[in-house]
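Within every chain, numbering begins at 1; the chains are lettered A, B, ... in the order of the sequence lines, protein sequences first and strands thereafter.
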There are 2 protein chains.
Amino acid sequence: MVTLAEVAKHAGVSASTVSYVLSGKRSISTTTRQRVEESIRKLGYHPNAGARALASSRSNIIALMIPLRTDMYVPVMMEIAIAVAAGARTHGYDILLLTGEEGPDAVRRVTGSGLADAMILMDVELDDERLPLLRGTHQPSVLIGLPADTEGLTCVDLDFRATGALCVEHLARLGHRDIAVIGEAAAVYERHTGFAERTLDGLRTRARELELRLLHRPCEGGYDAMAVTLARIFDERPGTTGFVVQNESAVEPLLALLRQQGRAVPEDVSVVAVCPEEVATQASVRLTSVSVPAQEMGRRAVEQLVAKLDGRGSDEVVLLAPELTVRASSGPAPVRP
Amino acid sequence: MVTLAEVAKHAGVSASTVSYVLSGKRSISTTTRQRVEESIRKLGYHPNAGARALASSRSNIIALMIPLRTDMYVPVMMEIAIAVAAGARTHGYDILLLTGEEGPDAVRRVTGSGLADAMILMDVELDDERLPLLRGTHQPSVLIGLPADTEGLTCVDLDFRATGALCVEHLARLGHRDIAVIGEAAAVYERHTGFAERTLDGLRTRARELELRLLHRPCEGGYDAMAVTLARIFDERPGTTGFVVQNESAVEPLLALLRQQGRAVPEDVSVVAVCPEEVATQASVRLTSVSVPAQEMGRRAVEQLVAKLDGRGSDEVVLLAPELTVRASSGPAPVRP
DNA sequence: GGAGCCTGTCGAAGCGCTTCGACACGCTAT
DNA sequence: ATAGCGTGTCGAAGCGCTTCGACAGGCTCC
């Protein structure tokens, strides 16, 4: 293994000079710099991460906590994770992958050991038990998702409240008066996951303002669960003509069931989805949707974090504005006889 | 920040003793051990990862290279990644997440810098350009997936050849003679991704042995692409009664299209899928399937790797035996008039 | 009863890097 | 000419930990 000292000897300079060439923290003459750089190349030198971390107390690693549960909104999580990893690399950081399994302990471990310089947390609950720890440490962090109290925290998220409002407005404008919301699994609401509750809040508030009737039903996803949920909805509100779906694994079952029941989309019922773009465009009906900008969220989270690590930037809540794209699944409400 | 030295002073022992308590590499009397452990608890001591890595040249980190492409078989990848992360933790390792983006350079960087002690590679191509690097280094590694030449490598994968054979056999036993295979996107085959090609090979070989007609068509997934693909298939082989699908995002579209065309599943056509269990059970028809044991693969990969790191275990190819679960999507071939 | 052997502890020498202060040199400004 | 300054380089002191050899003390064994 090649060390800094060997590079220094090869280039005929001192170790500190090589270090300064690498870090750029002091000015180095062009000739020296070139000589050193050539030695580095020739010897195939890679700085040792551990030594670097020890000496500088910076690991150049960002910890990313992803949810352990693999049963919900998985593609979005994966997309965010990949965007985070790629974004971090462009700033010279690597990503340490932590699953939710360890819970708050992971935060302690990472903070205490200096394994990572900063953290990004996903799957944030409204009253997340990791938050006090984050507030209590000096380690920079960014949440993807919005807890109830954002005091002293930096968060990045889609504005789910506005998302909900947008969906309702779209349907209202088309003349729908009875709207059903097919949400995430009940467990998601029970955990008080921010995005789910906020969307619902946005939907309800706007529906009230526009004097629409709104029925919300959580749904596990999958064909069977959707069948039960849908039956209940039409049972309770036979006049339902508008659907808002926020559950990837319920989308296709819903469409199949409506088709099966002879309800045409968008002639008889309209469907608006909150989901990643690919789900909306690859569904059996091209869906009018508000897309969840997973990549953008991942990228922004990294940017915020890097800014903090560089001493720029401060606590801030970044809410991305939702955009509704009209496709083939929504149209004017049918005229009542 | 609490250091080893402070713990030592607090416990009234030397630093090395504390270190040996932590690592267990030398015997320590019970009384001393307890005293040290209490000091550790009281002071809230966490060993510094950088210092540890430097002194021991072990980082206790495993690098995991996941594919950058987010457009294919995503849930499986995510599930493997999470299983790997969880499994690694139980052995005291953390996971460094690398995206395919950097390509072979990532291998060099990680190996050279001592960032990680070992690597797990996903999304392995038959003739992967990272393999020479792995063979050339002394760093332990495990592939999830099977390249063409496994010499000197440790691999974990589902036996996709057997998987293909199993699907064909199942359909043959039910009397189907004309089988269509709906595969992954063409790009996956062009990259010579091991699992796709091996499945196909298994399908073809067994079909030949059983004298069945087999038609393979790659498919991008999504409703539109599936519609085109399906039309072509029935155009070319109108007598097709058996389908094998290896593409999560083509499953639901296929079922919807068949339904739409008035072809009943399983009365008129049978469908066998190669996909994760949840996809098979949540589809609009409960699918006969060979499930991809993502978690098992992740867990096994970690086990192999840890064995290597501990000096046990050797190069080995672990092929998990496929299991076909019969559900509602396959039945006897229709009797020809 | 001394040689030989565990057992448990300690001191010291690094691991490879960053960083601080020092300093030599060649400027410009007086 | 000389003080004063900026520029480029070096030496040395750690960063917090692991690990090796040493050794004290209490064994067993012949």
Side-chain angles (χ1 to χ4, degrees), chain A residues 1-37 39-40 43-61 92 94 109-117 309, chain B residues 1-37 39-40 43-61 92 94 109-117 309:
Chain A
M1 194 196 195
V2 191
T3 68
L4 222 206
E6 300 177 56
V7 173
K9 194 189 296 171
H10 187 270
V13 298
S14 76
S16 47
T17 301
V18 176
S19 178
Y20 287 125
V21 167
L22 252 27
S23 70
K25 291 194 177 170
R26 284 199 182 175
S27 53
I28 298 285
S29 69
T30 320
T31 57
T32 309
R33 186 205 300 339
Q34 286 173 349
R35 208 140 36 85
V36 170
E37 277 166 355
S39 298
I40 289 177
L43 301 180
Y45 168 72
H46 282 272
N48 180 80
R52 204 166 236 200
L54 177 57
S56 65
S57 15
R58 296 279 247 101
S59 63
N60 283 297
I61 288 180
D94 273 296
R109 193 166 61 85
V110 168
T111 311
S113 68
L115 241 182
D117 298 332
L309 284 165
Chain B
M1 193 196 197
V2 191
T3 68
L4 222 205
E6 300 177 56
V7 174
K9 194 189 297 170
H10 187 270
V13 297
S14 77
S16 47
T17 300
V18 177
S19 178
Y20 287 123
V21 167
L22 251 27
S23 68
K25 291 192 180 173
R26 285 202 182 174
S27 52
I28 297 283
S29 69
T30 319
T31 57
T32 309
R33 188 208 283 13
Q34 285 173 348
R35 207 141 34 86
V36 170
E37 277 165 355
S39 297
I40 290 177
L43 301 179
Y45 168 71
H46 282 271
N48 180 81
R52 204 166 235 199
L54 176 57
S56 65
S57 11
R58 298 278 248 97
S59 63
N60 282 296
I61 288 179
D94 272 297
R109 192 166 63 83
V110 168
T111 311
S113 67
L115 239 183
D117 297 332
L309 284 164

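The shortest distance between side-chain heavy atoms of A/Val13 and A/Arg35 falls below 4.5 Å. Residues A/Arg52 and A/Leu22 are in side-chain contact: their nearest non-hydrogen atoms beyond the backbone lie under 4.5 Å apart. The shortest side-chain heavy-atom distance between A/His46 and A/Val2 does not fall under the 4.5 Å cut-off. Residues A/Met1 and A/Asn48 are in side-chain contact: their nearest non-hydrogen atoms beyond the backbone lie under 4.5 Å apart.
Neither OP1 nor OP2 of C/dT18 sits under 4.0 Å from any side-chain N or O of A/Lys25. Between B/Ser29 and the phosphate of C/dT9, there is a side-chain N or O to OP1/OP2 separation shorter than 4.0 Å. Taking side-chain N and O atoms only, A/Thr3 has no distance below 4.0 Å to OP1 or OP2 of C/dG16. Checking the phosphate oxygens (OP1, OP2) of C/dT7, no side-chain nitrogen or oxygen of B/Tyr20 falls inside 4.0 Å. Residue B/Ser27 has no polar side-chain atom (N or O) positioned under 4.0 Å from OP1 or OP2 of C/dT7. Within the structure, every side-chain polar atom (N or O) of A/Ser19 is placed at least 4.0 Å from both OP1 and OP2 of C/dT19.
Considering only side-chain atoms of A/Asn48, the nucleotide from C/dG16, D/dC17, D/dG8 that sits closest is C/dG16. Which of C/dC17, C/dC10, D/dG16 sits closest to the side chain of B/Ala55 comes down to D/dG16.
Counting to the nearest Å, the C1' atom of D/dG16 and the CZ atom of A/Arg52 are 18 Å from each other. Protein atom CD of A/Gln34 is 14 Å distant from nucleotide atom P of D/dG8, rounded to whole Å. One interatomic measurement links the two molecules: CD of B/Glu6 to C1' of D/dC17, which rounds to 14 Å at whole-angstrom precision. Remark: P of D/dC17 and CE of B/Met1 are 7 Å apart, rounded to the nearest angstrom. Residue B/Leu4 contributes atom CG, which lies 19 Å from atom P of C/dG14 at whole-angstrom precision. One can place CG of A/Asn60 at 14 Å from P of C/dC17, the figure rounded to the nearest angstrom. At whole-Å resolution of the value, CG in A/Leu22 and P in D/dG8 are 18 Å apart. Atom NE2 of B/His46 and atom C1' of D/dG16 are 15 Å apart (whole Å).
The two atoms that bring A/Ala49 and B/Leu115 nearest to each other are CB-CG, 3.9 Å, heavy atoms only.
In this structure, a donor-acceptor pair under 3.5 Å is absent between the side chains of A/Ser16 and A/Ser19.
Using a 4.0 Å heavy-atom distance criterion, A/Ser23 is classed as making no nucleic acid contact. At the heavy-atom level, A/Ser57 lies nowhere under 4.0 Å from the strands shown. Within 4.0 Å of A/Leu54, counting heavy atoms only, lies at least one base atom of the nucleic acid. Among the atoms of the strands shown, base atoms are found under 4.0 Å from some heavy atom of B/Ser16.
Residue side chain B/Arg26 reaches the base of C/dT9 through a donor-acceptor N/O pair under 3.5 Å, judged by distance alone.
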